[in-house]
Student: 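This is the structure I want to talk about, given as structure tokens.
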Amino acid sequence: MTDTAMHEEEYKGRLSPRLWLKILSFGRRQWRAMAGMVVMALAMAGLDICFTLVTRSMINDVVDHGADANLWLWGGIYVAMVCVFSFGVYMFIYLGSIISPGISHDLRQAGFERLQDLSFSYYDRRPVGWLMARLTSDCDRLSRILAWGLLDIVWGTFILIGVAIVMVAFRWQLGLTVILVVPPMTWVSMFFQKRILKTDREARRANSNITAAYNEAISGVRTTKTLVRETENLADFRELTGRMYGASVRNAIWS
């Protein structure tokens, strides 16, 4: 297949909230697991903050009472909190194992049903390997983003808010000084996010082209043998894998 035929449209637009709301709708069958994930994320964020408060209280107890400090009490509290934390991690894994495969199944099912309704001209412009890459690896990537991204957003947001409240409550001058670092960090995050997104799209595009090349090579093996194009096809495939290697390395560096 020629480079023109294998070329994939390059998406350069911004992230669309409407599109993500549509993707989130695929999680309606797993709404109980997603609600449980949100609850567990809130609980774990609160527990993370409590670890620091317990450490503070234990140190104050040792400073105030010396050898008479009740270390057994603090040790018991720590053990209990670690047990609760371990249970929370187990629930994250359990709920994630329900959400991610469920959403992936629904995405692939909807994609397959959509493929049945498209015109023949659509398939004239899209290699089979490209479609396979979109219905397999991309659906899997989206399902993992929805499952674990939900956890990161809820947990990260509430732990940042909780830490800020605790710092301001104990010593507002120091708390506000630390909070002043947030705007520069936000700008730096956006700086890296754009480059990570760009290189990730390059890697995904290269991956779909590689999958298309695999399919083309297998289905056209007789033609390749007849025309003695093994060397040329290998060189073309090496170029595709080189693109993905370069994009993946750049993405890893930015990440």
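Positions are given from 1 along the sequence.
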Student: Might you confirm whether atom CZ of Phe85 has over 12 heavy atoms from other residues, nucleotides or ligands at distances under 6.0 Å?
Tutor: no
Student: Rounded to the nearest 0.5 Å, what separation is found between the CG atom of Leu142 and the CD1 atom of Ile103?
Tutor: 9.5 Å
Student: Between Tyr90 and Met34, is there shared hydrophobic-cluster membership here, with clusters defined by ILVMFWY side-chain heavy atoms closer than 4.5 Å?
Tutor: yes
Student: Please round to the nearest 0.5 Å and tell me the distance separating atom CZ of Arg204 and atom OG1 of Thr199.
Tutor: 12.0 Å
Student: What's the spacing between Gln30 CD and His105 NE2 if we round to 0.5 Å?
Tutor: 9.5 Å
Student: Calculate, to the nearest 0.5 Å, the distance between atoms CG and CZ belonging to Asp117 and Arg114 respectively.
Tutor: 6.5 Å
Student: Considering only heavy atoms from C-beta outward, does the side chain of Met167 approach that of Leu174 to under 4.5 Å?
Tutor: no
Student: How about Arg195: does its CZ atom have over 12 heavy atoms from other parts shown lying under 6.0 Å from it?
Tutor: yes
Student: Is any side-chain heavy atom of Leu47 closer than 4.5 Å to one of Val84?
Tutor: yes
Student: Would you confirm whether Asn209, through its side chain, and Leu240, through its main-chain N or O, come within 3.5 Å as a donor-acceptor pair?
Tutor: no
Student: Within the 4.5 Å heavy-atom criterion, are Met44 and Met91 side-chain neighbours or not?
Tutor: no
Student: With the side chain counted from C-beta on, respond yes when Lys198 and Glu202 share a heavy-atom pair under 4.5 Å apart, and no when they do not.
Tutor: yes
Student: Looking at side-chain heavy atoms only, is the closest gap between Val62 and Leu71 below 4.5 Å?
Tutor: yes
Student: Calculate, to the nearest 0.5 Å, the distance between atoms CE and CG belonging to Met185 and Leu180 respectively.
Tutor: 13.0 Å
Student: Step by step, would you call Asp236 with Arg229 a side-chain contact (heavy atoms from CB on, under 4.5 Å)?
Tutor: CA-CA 11 Å; Asp236 293 340; Arg229 281 192 50 86; 3.8 Å; yes
Student: Nearest 0.5 angstrom please: Leu234 CG to Glu239 CD, how far?
Tutor: 12.0 Å
Student: Determine whether Thr241 and Tyr245 make a side-chain contact, defined as any pair of heavy atoms from C-beta on separated by less than 4.5 Å.
Tutor: no
Student: Check the angle between the aromatic planes of Phe191 and Trp187 and answer parallel, tilted or perpendicular using the 30° and 60° thresholds.
Tutor: parallel
Student: Output yes when a side-chain donor or acceptor of Tyr122 lies under 3.5 Å from a complementary backbone atom of Leu115, and no otherwise.
Tutor: no
Student: With sequence neighbours excluded, what pairs up with Thr55 under the side-chain hydrogen bond (donor to acceptor under 3.5 Å, both in side chains) test?
Tutor: Tyr78
Student: Evaluate the side-chain contact (heavy atoms from CB on, under 4.5 Å) criterion for residues Val166 and Phe170: first the C-alpha distance (whole Å), next the side-chain angles of each, then the deciding distance (0.1 Å), finally the verdict.
Tutor: CA-CA 6 Å; Val166 170; Phe170 281 110; 3.5 Å; yes
Student: Any heavy-atom pair between the side chains of Ile98 and Tyr94 that's under 4.5 Å?
Tutor: yes
Student: Mind checking whether Leu53 and Val168 sit in one hydrophobic cluster, side chains of I, L, V, M, F, W, Y counted as touching below 4.5 Å?
Tutor: no
Student: Indicate, with yes or no, if Trp74 and Ile59 share a hydrophobic cluster defined by side-chain heavy-atom contacts under 4.5 Å among Ile, Leu, Val, Met, Phe, Trp and Tyr.
Tutor: no
Student: Report yes or no: do Val249 and Trp254 belong to one cluster of Ile/Leu/Val/Met/Phe/Trp/Tyr joined by side chain heavy-atom distances under 4.5 Å?
Tutor: no
Student: How far apart are the closest heavy atoms of Ala41 and Phe92, and which atoms are they?
Tutor: N-CE2, 3.8 Å
Student: Identify whether Ile93 and Met37 are in the same connected component of the hydrophobic contact network (ILVMFWY, side-chain heavy atoms under 4.5 Å).
Tutor: yes
Student: Under the 3.5 angstrom rule, does the side chain of Gln116 hit a backbone N or O of Phe112 as a donor-acceptor pair?
Tutor: yes
Student: Tell me which donor-acceptor pairs under 3.5 Å the side chains of residues 143-165 have, and how far apart each pair is, sequence neighbours excluded?
Tutor:
| residue | atom | partner | partner atom | Å |
| --- | --- | --- | --- | --- |
| Ser143 | OG | Ser100 | OG | 3.4 |
| Ser143 | OG | Cys139 | O | 3.4 |
| Ser143 | OG | Asp140 | O | 2.7 |
| Arg144 | NE | Asp140 | OD2 | 3.2 |
| Arg144 | NH2 | Asp140 | OD2 | 3.1 |
| Trp155 | NE1 | Asp48 | OD2 | 2.9 |
| Thr157 | OG1 | Ile153 | O | 2.6 |

